[in-house]
Each structure stands twice: as C-alpha cells, then as structure tokens.
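In what follows, a structure is listed as structure tokens, so that the remarks can point back to it.
Atoms within a ligand are numbered from 1 in the order they appear, just like the ligands themselves.
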Amino acid sequence: MSEPLRLGIAGLGTVGGALLELLARNGGLLAERAGRELAVTAVSARSRERDRGVDLARFRWYDDPLALAADPEIDLVVELIGGADGPALALCRAALAAGKPVVTANKALLARHGAELARLAEANRVTIGFEAAVAGGIPIVKTLREALAGNRISRVYGILNGTCNYILTTMRETGRSFDAVLAEAQELGYAEADPSFDIDGIDTAHKLALLAALAFGCPPNFAAVYTEGIRHVSPLDIAFASDMGYRIKLLGVARVTDHGLEQRVHPSMVRIGTPISQVEGVFNAVVAEGDQVDGTLYSGRGAGGGPTASAVVADIADFAKGARPPVFTVPSAALRPLPAAPMEHHYGAYYFRLMVLDKPGVIADVAAALRDENISMESMIQRGRAEGEGEAVPVVIMTHETQEAQIQRALARIAELDAVVEQPRLIRIVDL
Ligand SMILES: NC(=O)c1ccc[n+]([C@@H]2O[C@H](COP(=O)([O-])OP(=O)(O)OC[C@H]3O[C@@H](n4cnc5c(N)ncnc54)[C@H](OP(=O)(O)O)[C@@H]3O)[C@@H](O)[C@H]2O)c1
C-alpha cells in the first residue's frame with residue numbers, strides 16, 4: 001500500500017463530526033478501496049473545549065484554519081466551516097495555492113467563488129471535490145461530471161432542500177399553516193433558527209448554480225438564478241393543487257433555452273404520479289435529462305451528518321487514488337459563460353389564485369385582463385359562495401402556456417380590480 005493520505009479537517013460541526021466518526025468506523029474498508037490509509041493529521045474549529053463526542057487528542061489542533069492549510073504534513077484539506085466568504089474562502093485559497101486538493105460541502109462558497117477557485121486549483125495542479133455540496137448523500141456531482149459524460153444535458157432540476165420539502169409535505173398532510181409547520185421543523189432540528197437561507201430558496205439556488213455549471217459547462221452564475229421561496233405557499237393552494245392532480249414542490253430548474261441559460265428556483269406545481277412528485281419529507285431528488293439517456297432520477301437524503309460525510313469521503317477516496325477531475329466537468333479555460341435567460345421570457349403554464357368578492361362582472365373583468373394579454377385559460381374553479389357581505393371566495397385559474405411577462409402584466413391589472421381583495425398568488429406549473 002502507498003503512504004497514508006494525510007488529512008486536515010477544518011470545521012467539526014454536524015458534518016465534520018460525522019466525518020471523523022465515519023473515518024473511524026469504516027477506516028479499514030476505506031483504506032482498501034482507496035488503496036491507502038486516510039489518516040486525519042490535524043483539525044481546526046473555533047472552540048477547542050467543546051465536547052464533540054470524539055477524542056481529538058490524537059490530532060494536531062489549529063485555532064487558525066489557515067495554519068492548518070500551511071502544515072507541511074497535510075496532503076489534503078477538508079473545508080467544513082461553511083459561509084460564502086470569510087475563513088472558508090481564505091482556507092480554500094490558501095490550501096489550493098499551497099498545491100493541496102480541497103474537499104468541501106460548501107455550496108454557498110462555490111456558487112459564488114467556484115470559477116476563481118477552479119482556476120486557482122488548476123494553476124496549482126490540484127482540484128476541488130464538492131460532491132457533498134449538492135444534495136448531500138446523492139452522488140449527483142460525479143454522475144453529471146463522469147457517468148453522463150456522453151450526453152448533451154438539456155435540463156437538470158430537482159428538490160434540493162430537505163427543509164422546504166419537509167415543510168411542504170407536512171403542510172399537505174396536516175393542512176396546517178406555513179408558520180406552524182416551520183416552528184415545528186425548527187423544534188425537530190429540520191430547520192435552522194434562522195431559516196431564511198432554506199425557505200427563501202437561496203440554498204436551492206446555490207446548489208442549482210453548481211448543477212448548471214456541471215451540466216452545461218459554464219461557470220457557476222448564482223447571481224443569475226431567479227429565486228422565490230416558499231413563505232407565501234398556503235394550505236389553500238396546496239389543497240387546490242391536490243384537487244387538480246398536482247403537488248407543490250420547491251424546485252430548482254436549469255435549462256438552455258433560445259434566450260440563454262434559464263436558472264430558476266420557485267414553488268412549482270408538478271403532476272401527481274411523476275417521480276419527483278413522490279419525493280416527500282426531508283428527501284431530495286435530482287433529475288438529469290440527456291440526449292442519450294432521456295430522464296434519469298436520483299433520490300436520497302440531501303443533508304445530515306452521515307449522508308454528507310459519505311459524499312465527502314467519496315471525494316477524498318477518489319483523490320487518494322490520484323484522480324484529478326476538472327472541478328466543473330471541463331477545464332476552467334473551456335468553461336463558457338452562457339447568457340442568462342431573463343425570467344420575463346420564461347414560457348410555461350401557470351396557476352393563480354384570487355380572493356374575490358362575489359360581485360357580478362368580476363370574472364368577466366379577470367377574463368378580459370387575460371384576453372388582452374393573449375392568455376388562454378385551461379380551467380377555472382370558484383369554491384363556495386360568500387356567506388356574508390364583504391367576504392371573499394377563492395377563484396383559481398390554470399392557464400395554457402404563455403410568457404411570464406404576459407402573465408405578470410395580466411396579474412398586475414387583476415390585482416387592481418376592486419373585487420380582488422388580496423395579492424393574487426401565482427405558482428408556475430412545471431412540465432415534467
Ligand atoms: N449540516 C448538513 O446537513 C449539511 C449538508 C450539506 C452541506 N453542508 C455544508 O457543510 C458545511 C458545514 O456545515 P455544518 O452543518 O457541519 O456546520 P456547523 O455544524 O455549524 O459546523 C461548522 C464548524 O466550523 C467551525 N468554525 C466556524 N468558524 C470557524 C473558524 N473561523 N475557524 C475554524 N473553524 C470554524 C465551527 O467550530 P465550533 O464547533 O467550535 O463552533 C464548527 O465546528 C457548510 O458549508 C454547510 O453548508 C451541511
């Protein structure tokens with residue numbers, strides 16, 4: 001067997017702790033598979049005193065993760081600190097500049113600085129592994145980079161945030177409000193104390209930018225992702241969706257259109273019966289559509305210490321065997337920036353719900369606003385009758401395919417109608 005691969009691990013939280021445990025438990029198996037021992041040499045975290053349930057005495061300790069990157073007895077640096085900038089970015093730059101490969105679970109960092117770090121890695125003849133950064137335990141990075149190499153990918157999409165999927169699933173199963181289910185998810189540890197990264201779609205957008213880079217050979221362009229979270233999804237919309245044969249999921253979708261690369265994250269209506277509609281609770285799933293394989297689906301646990309550490313270890317084992325794949329499928333010089341397709345050009349079908357006062361003529365006014373924008377209705381449902389004066393009833397409309405700009409103009413006009421008492425709720429229907 002070759003010399004051990006000496007690892008420096010920065011960040012010993014949920015993922016870093018699970019990584020130490022995994023290496024201890026499956027070390028023998030991994031050494032056989034990697035052809036050499038994976039030996040943790042040094043670690044770094046903020047607090048040396050914090051009990052992590054693991055004996056750290058056998059590892060060299062660094063308060064400063066940059067010193068860990070500089071340690072000549074470390075061959076590979078594992079970054080599990082988190083955050084798009086700050087110490088995680090400084091650590092990755094220092095490790096790569098020192099000619100050490102980096103393995104990270106940090107999607108925020110790579111979505112923003114991925115292209116720069118990939119160039120730095122190549123200039124120093126090393127690479128970056130980020131299997132753990134997208135959909136945790138699902139091996140989608142290697143799949144896009146290697147297993148589907150023979151395909152032109154036309155679209156990649158998925159449920160990339162377990163917190164959102166748990167909230168939407170539980171809202172449907174219990175009929176409870178978004179706020180109530182979010183509070184419960186926080187108690188159960190499925191949602192952070194500050195849940196905005198998850199529920200506002202930012203985490204999904206980070207991951208989508210990385211999937212798009214892998215699938216389409218472009219630098220990650222997080223700034224170009226249209227992002228809308230799930231705060232406004234109501235139990236009423238979920239119930240209407242079910243009645244009409246749909247589930248509501250927070251999807252990230254990337255595809256190349258005539259207008260450029262469309263990257264969007266938003267609550268989406270997906271037909272019940274499609275594989276993605278059946279992915280429930282904290283589970284994630286990714287669908288990659290290629291010209292040779294057609295649609296392929298990958299699903300599993302998208303977060304948590306064990307699944308994420310499993311992905312970290314897969315990269316470490318690859319690098320231990322000498323693999324040095326380009327970070328984003330092709331060498332940096334071959335990455336081609338794609339123009340961002342503006343959301344106004346998005347073409348698809350729409351669901352929208354109005355709360356209207358039951359007055360004569362209101363439906364005719366809504367229909368006129370749609371007609372003037374050339375939008376044709378597929379169906380309309382009005383539920384119940386107002387019980388008393390001033391009480392609003394829901395009216396739900398599904399449209400045929402149309403352009404985002406047209407539906408937005410029509411909804412702006414509809415929102416101005418006297419009889420429409422709340423901001424219209426719009427959910428895009430995703431054709432799968
Ligand atoms: N948790 C998941 O399920 C999951 C899934 C996929 C990807 N990820 C990604 O994995 C990364 C780590 O996530 P996590 O959930 O494990 O985070 P976490 O539990 O908050 O752990 C972060 C660790 O980084 C350490 N740290 C913070 N600032 C530091 C600094 N300046 N120098 C050295 N160490 C520092 C902390 O030290 P102390 O312990 O001393 O505070 C802690 O050990 C993030 O990029 C996250 O997005 C997480």
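- Between Y351 and F240 there is a side-chain heavy-atom pair separated by less than 4.5 Å.
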Using a 3.5 Å cut-off on N/O to N/O, what pairs does ligand 1 make with the protein? A line per pair would be great.
unit_1: ligand 1; atom_1: 3 (O); unit_2: G304; atom_2: N; d: 2.7
unit_1: ligand 1; atom_1: 16 (O); unit_2: T14; atom_2: N; d: 3.1
unit_1: ligand 1; atom_1: 16 (O); unit_2: V15; atom_2: N; d: 2.8
unit_1: ligand 1; atom_1: 19 (O); unit_2: T14; atom_2: N; d: 2.9
unit_1: ligand 1; atom_1: 19 (O); unit_2: T14; atom_2: OG1; d: 3.3
unit_1: ligand 1; atom_1: 37 (O); unit_2: R46; atom_2: N; d: 3.1
unit_1: ligand 1; atom_1: 39 (O); unit_2: R50; atom_2: NH1; d: 2.5
unit_1: ligand 1; atom_1: 39 (O); unit_2: R52; atom_2: NH1; d: 2.8
unit_1: ligand 1; atom_1: 39 (O); unit_2: R52; atom_2: NH2; d: 3.3
unit_1: ligand 1; atom_1: 40 (O); unit_2: R46; atom_2: N; d: 3.0
unit_1: ligand 1; atom_1: 40 (O); unit_2: S47; atom_2: N; d: 2.7
unit_1: ligand 1; atom_1: 40 (O); unit_2: R52; atom_2: NH2; d: 2.9
unit_1: ligand 1; atom_1: 41 (O); unit_2: R46; atom_2: NE; d: 3.2
unit_1: ligand 1; atom_1: 41 (O); unit_2: R46; atom_2: NH2; d: 2.9
unit_1: ligand 1; atom_1: 41 (O); unit_2: R50; atom_2: NH1; d: 3.3
unit_1: ligand 1; atom_1: 43 (O); unit_2: L12; atom_2: N; d: 2.8
unit_1: ligand 1; atom_1: 43 (O); unit_2: G13; atom_2: N; d: 3.0
unit_1: ligand 1; atom_1: 47 (O); unit_2: K107; atom_2: NZ; d: 3.2

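- Scanning both residues, L297 and A285, for their nearest heavy atoms gives CD1-CB, 4.1 Å.
- Enclosure of atom CD in E173 by more than 12 non-hydrogen atoms of other residues, nucleotides or ligands within 6.0 angstrom is indicated.
- Partners of R425 according to the salt bridge (charged side-chain N to carboxylate O under 4.0 Å, His left out) rule, which considers only residues two or more places apart in sequence or in another chain, do not exist here.
- At a threshold of 4.5 Å between non-hydrogen side-chain atoms, the residues E378 and I397 do not count as touching.
- No side-chain heavy atom of Y157 sits under 4.5 Å from any side-chain heavy atom of V430.
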